[in-house]
Visitor: 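A single structure is presented below for examination.
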Amino acid sequence: VATMAVQALGGGLRLRDALETRDAEAAALTRTLALLRHDLAAPVPVAFLPPGAPPEPAVLAVPGAAQIALSLGGQPRLADTPEAGLARVVWALDPARGILSRRHWPMLAPRDPAGAGPAVPMLAGVLRFEIRSMAAEGPGAGGWSPGWSPGPEASATLLPRAFEVTIETRRHGLLRLVVAR
């Protein structure tokens with residue numbers, strides 16, 4: 001009887017550990033998708049002015065780069081910052097480690113190159129991170145195209161009408177997120 005009890009207890013503990021791992025993975029996925037959806041819904045037509053570098057468009061997603069940078073509105077305002085509620089975020093995949101991370105600048109014209117927060121790991125086990133966009137006007141309007149880069153002839157403040165993000169993970173397979181503005 002004691003042997004059966006020890007085996008049952010051991011099986012229960014292994015099951016608990018497996019459920020805790022799955023719960024943590026599901027929570028990370030939920031948190032990542034919610035924050036990514038929030039960021040994709042909040043771009044503003046304001047260029048990013050990195051210190052010592054040329055201005056970047058409000059939205060920049062180079063095809064094949066597994067990264068998207070967004071100027072955001074409606075963000076918390078930090079004390080002693082001239083920009084009310086504006087920020088810059090960069091979502092990027094480190095393909096060697098399989099980690100999707102998010103980096104945040106609390107303003108769009110930082111004075112210090114190190115003004116960004118650290119790249120925060122959001123989701124592990126990511127195999128692919130791709131962005132497609134739909135233009136609201138001009139060439140390609142109404143159709144999906146890889147990435148988003150307004151090009152030198154267009155305004156750096158031009159925003160897409162919609163985003164489609166594809167995330168492929170080991171655990172959850174292929175996930176597709178579509179956000180229209």
Side-chain angles (χ1 to χ4, degrees), residues 25 28-73 75 86-105 108-110 113-181:
E25 290 171 351
L29 178 64
T30 301
R31 191 173 39 255
T32 299
L33 292 178
L35 190 53
L36 182 57
R37 181 183 305 273
H38 174 271
D39 288 350
L40 293 172
V44 293
V46 181
F48 178 61
L49 306 171
E56 294 180 7
V59 174
L60 180 61
V62 177
Q67 176 175 307
I68 185 168
L70 303 147
S71 294
L72 302 179
Q75 305 302 300
L86 299 176
R88 181 73 164 189
V89 296
V90 176
W91 286 85
L93 172 63
D94 178 350
R97 295 175 39 217
I99 295 177
L100 181 63
S101 63
R102 180 180 186 265
R103 176 169 248 157
H104 178 266
W105 281 262
L108 293 179
V120 177
M122 298 298 296
L123 190 61
V126 178
L127 304 171
R128 184 168 51 124
F129 179 66
E130 293 178 356
I131 297 96
R132 294 192 324 158
S133 61
M134 182 181 292
E137 55 192 52
W144 291 106
S145 53
W148 175 263
S149 181
E153 69 283 347
S155 167
T157 60
L158 186 65
L159 298 176
R161 179 190 311 174
F163 295 100
E164 179 190 56
V165 177
T166 302
I167 302 172
E168 185 177 356
T169 67
R170 283 189 198 95
R171 168 67 73 190
H172 306 287
L174 193 63
L175 305 165
R176 192 162 273 127
L177 177 67
V178 178
V179 177
R181 299 183 324 98

Visitor: So L40 and V165, do their side chains get closer than 4.5 Å, heavy atoms only?
Guide: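 With C-beta onward as the side chain, the pair touches.
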
Visitor: Aromatic ring centroids of W105 and F48 under 6.0 Å?
Guide: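 Under 6.0 Å, so yes.
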
Visitor: Which value, rounded to the nearest 0.5 Å, describes the distance between F163 atom CZ and M134 atom CE?
Guide: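 It is 12.0 Å, given to the nearest 0.5 Å.
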
Visitor: Are side-chain heavy atoms of I131 and E164 found at a separation under 4.5 Å?
Guide: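 No, side chains not in contact.
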
Visitor: Test side-chain contact (heavy atoms from CB on, under 4.5 Å) on V178 and W144 and set out the steps.
Guide: CA-CA 11 Å; V178 178; W144 291 106; 4.3 Å; yes

Visitor: Do W91 and L36 have side chains that approach each other closer than 4.5 Å (heavy atoms only, starting at C-beta)?
Guide: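 In contact.
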
Visitor: Using side-chain heavy atoms (C-beta onward) and a distance below 4.5 Å, is L175 in contact with E168?
Guide: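 No - every pair of side-chain heavy atoms lies 4.5 Å or more apart.
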
Visitor: Please name the pair of heavy atoms, one in A87 and one in H104, separated by the smallest distance, quoted to 0.1 Å.
Guide: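 Scanning both residues, the minimum pair turns out to be CB-NE2, 3.5 Å.
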
Visitor: Just how far is it from atom CG of L33 to atom NE2 of H38, taken to the nearest 0.5 Å?
Guide: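 NE2 of H38 is found 14.5 Å from CG of L33.
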
Visitor: The test is side-chain contact (heavy atoms from CB on, under 4.5 Å); show your working for V90 and Q67 and say whether it passes.
Guide: CA-CA 7 Å; V90 176; Q67 176 175 307; 3.7 Å; yes

Visitor: Once rounded to the nearest 0.5 Å, what's the spacing between atom OG1 of T169 and atom CD of E25?
Guide: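 It is 9.0 Å, given to the nearest 0.5 Å.
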
Visitor: Do L100 and I167 have side chains that approach each other closer than 4.5 Å (heavy atoms only, starting at C-beta)?
Guide: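 Yes. Closest side-chain heavy atoms under 4.5 Å.
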
Visitor: For A61 versus I68, what's the shortest heavy-atom pair and its separation?
Guide: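 In terms of heavy atoms, the two residues are closest at CB-CG1, 3.9 Å.
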
Visitor: Please examine the side chains of L72 and V44, heavy atoms only from C-beta on, and report whether any two atoms are closer than 4.5 Å.
Guide: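 SC-SC contact between V44 and L72 ruled out.
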
Visitor: Nearest 0.5 angstrom please: L108 CG to E56 CD, how far?
Guide: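 Here the interatomic distance stands at 10.5 Å.
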
Visitor: Closest approach of I99 and P121, non-hydrogen atoms and distance?
Guide: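 Scanning both residues completely, I find the closest heavy atoms to be CG2-CB, 3.7 Å.
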
Visitor: For residues A58 and R88, report the shortest heavy-atom separation together with the two atoms involved.
Guide: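 Smallest heavy-atom distance, with atoms named: O-NH1, 3.0 Å.
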
Visitor: Within the structure provided, determine whether R102 and D39 are in side-chain contact (heavy-atom separation under 4.5 Å).
Guide: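 With C-beta onward as the side chain, the pair touches.
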
Visitor: Should we say atom CZ of R97 is surrounded by more than 12 heavy atoms from elsewhere, each under 6.0 Å from it?
Guide: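 No - once you tally the heavy atoms of other residues, nucleotides and ligands closer than 6.0 Å, there are 12 at most.
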
Visitor: Taking S71 for the side chain and V46 for the main chain, is one N or O donor matched with an acceptor at less than 3.5 Å?
Guide: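 Flag set: sc S71 to bb V46 pair under 3.5 Å.
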
Visitor: For P118 and R103, which heavy atoms make the closest approach, and how far apart are they?
Guide: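 P118 and R103 have their closest heavy atoms at CA-NH2, 3.9 Å.
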
Visitor: With side chains defined as the heavy atoms from C-beta onward, is the minimum distance between L29 and L123 less than 4.5 Å?
Guide: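 SC-SC contact between L29 and L123 confirmed.
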
Visitor: If you apply the rule salt bridge (charged side-chain N to carboxylate O under 4.0 Å, His left out), what do you find for E130 with R132, and how did you get there?
Guide: CA-CA 7 Å; E130 293 178 356; R132 294 192 324 158; over 6 Å; no

Visitor: Check S133 against G147 and note the closest heavy-atom contact, atom names and distance.
Guide: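 Answer, listing the atom of S133 first, then G147: OG-O, 2.5 Å.
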
